[in-house]
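Here's the structure, in C-alpha cells; my notes come after.
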Amino acid sequence: MSRIAVVPGSFDPVTLGHIDVIGRAAGLFDEIHVLVVHNPGKSALLPIAQRVSLLEQSIVEANLPSNISVTSWSVGLLVDYCTEVGASVIVKGIRGQVDVAYETPMAIVNRNLAKVETVFLLTSPENAYVSSSLVRQVASLGGDVSPYVPKAVAAFLRKP
Ligand code: PNS
C-alpha cells in the first residue's frame, strides 16, 4: 500500500525552508501532497492559486522528485483532505521550540479527529530563521529576499 503524506501550510510565499522539508519528506514517503491551506489567523499576501503556481515552479527549480504534487484545500478540515486522499501522515517542518509549541496542539487535534499522525522534520540549520512572514515584510519594504526563497519567488516578488 502506498504511504501518502500531506505537507500543509500557508506557503505565502514558499521559502527555501519549505522546499528543504518537502524534498526530505519525499524521500520518506511514497507520495507527497503539498497542500496550500488558507489560514484565517494570517492576513495573506498572495492569492491561493499564485502560491500553488510558485510552489510548482520552485519544486521544478529544486529538481525535487516526481512523487510530489501540489494542490489547495479550502472546504473544511485538513484531516478531511487527508481522509479523502488516503493520507495517514501530516509532515510539518520545525525550526525550534516556538514551532513545537504552535504545532503540538494541531497535531493532537488532528490525531483525535481522524487518527492522522503528524511527523515533525527538523529544519536544516541554514533555514532555521527563515519564515514567510519575514519574507513578506522584507519584500514589502523593498529589500532583497533572494537568500530565503526559490528564484521563481524572488523574481515574482521583484515585479512592480
Ligand atoms: O503555514 P501555516 O499558516 O502555519 O499553516 C497552518 C495550517 C494552514 C496548516 C493550519 O492552520 C491548518 O491545518 N488549517 C486547516 C484547518 C484545520 O484543519 N484546522 C484544525 C487543525 S488544528
Side-chain angles (χ1 to χ4, degrees), residues 3-26 28-29 31-59 62 64 68-140 145 147-150 152-154 156-157:
R3 274 240 179 243
I4 304 173
V6 175
V7 183
S10 301
F11 301 108
D12 186 32
V14 59
T15 67
L16 291 176
H18 293 130
I19 291 297
D20 170 52
V21 167
I22 293 165
R24 285 160 51 212
L28 299 173
F29 298 94
E31 272 182 56
I32 295 293
H33 294 206
V34 180
L35 192 69
V36 179
V37 187
H38 172 64
N39 183 341
K42 294 181 178 173
S43 52
L45 172 71
L46 304 175
I48 299 268
Q50 187 63 59
R51 297 183 224 169
V52 169
S53 166
L54 288 173
L55 267 159
E56 287 170 341
Q57 294 172 53
S58 303
I59 286 165
L64 297 190
I68 302 169
S69 58
V70 184
T71 188
S72 62
W73 182 250
S74 56
V75 286
L77 294 166
L78 171 60
V79 293
D80 293 339
Y81 176 85
C82 295
T83 305
E84 193 168 296
V85 299
S88 53
V89 173
I90 293 166
V91 174
K92 293 286 188 84
I94 294 291
R95 290 163 297 191
Q97 288 182 6
V98 171
D99 283 348
V100 174
Y102 172 68
E103 295 293 348
T104 300
M106 289 196 275
I108 293 169
V109 166
N110 285 330
R111 193 176 59 212
N112 288 344
L113 283 167
K115 294 192 171 67
V116 176
E117 294 286 357
T118 298
V119 169
F120 291 151
L121 291 186
L122 292 180
T123 186
S124 299
E126 63 270 25
N127 296 319
Y129 58 91
V130 178
S131 69
S132 296
S133 58
L134 187 95
V135 167
R136 287 197 300 273
Q137 190 174 112
V138 172
S140 72
V145 294
Y148 318 116
V149 295
V153 175
F156 178 82
L157 292 177

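Order of appearance sets the numbers: ligands from 1, and atoms from 1 within every ligand.
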Can you tell me the protein heavy atom closest to atom 15 (C) of ligand 1 and the distance?
Val37 CG1, 3.6 Å
Can you tell me how far CD1 of Ile48 sits from CH2 of Trp73, rounded to the nearest 0.5 angstrom?
13.0 Å
Does atom 12 (C) of ligand 1 have a protein non-hydrogen atom under 4.0 Å from it?
no
Looking only at protein heavy atoms, which one is nearest to atom 4 (O) of ligand 1, and how far off is it?
Tyr102 OH, 3.0 Å
Between Ile32 and Ala26, which heavy-atom pair has the shortest distance, and what is it?
CG1-CA, 3.6 Å
closest protein heavy atom to atom 19 (N) of ligand 1 is Leu77 CD2, 4.0 Å
Polar atom proximity, His38 to ligand 1 (N or O, under 3.5 Å):
no
Hits for salt bridge (charged side-chain N to carboxylate O under 4.0 Å, His left out) against Glu84, two or more places apart or cross-chain, chain-then-number order -> none
Starting from atom 5 (O) of ligand 1, locate the nearest protein heavy atom and write down its residue, its atom name and how far away it is, to 0.1 Å.
Gly9 CA, 3.6 Å
Can you tell me if Trp73 contacts ligand 1 (heavy atom of the residue under 4.0 Å from the ligand)?
no
Please step through side chain to side chain contact (heavy atoms under 4.5 Å, CB included) for the pair Ser58 and Val153, ending with a clear verdict.
CA-CA 8 Å; Ser58 303; Val153 175; 3.9 Å; yes
Of Leu78, Val109, Asn110, the one whose closest heavy atom lies nearest atom 21 (C) of ligand 1 is Asn110
Which of the atoms in ligand 1, numbered in the order shown and given with their element, are less than 4.0 Å from a heavy-atom of Lys42?
1 (O), 2 (P), 3 (O), 4 (O)
Name the closest protein heavy atom to atom 1 (O) of ligand 1, giving the residue it belongs to and the distance to 0.1 Å.
Ser10 N, 2.9 Å
For Glu117, is there an ion pair with Arg111 - N to carboxylate O distance below 4.0 angstrom?
yes
Atom of Leu16, atom of Pro150 and distance for their closest heavy-atom approach:
CD2-N, 3.7 Å
Other residues, nucleotides and ligands only: do more than 12 of their heavy atoms fall within 6.0 Å of CD on Glu126?
yes
Identify the protein heavy atom lying closest to atom 10 (C) of ligand 1, giving its residue, its atom name and the separation to 0.1 Å.
Met106 SD, 3.9 Å
Has Asn39 got a side-chain atom pairing as donor or acceptor with Ser10's backbone, closer than 3.5 angstrom?
no
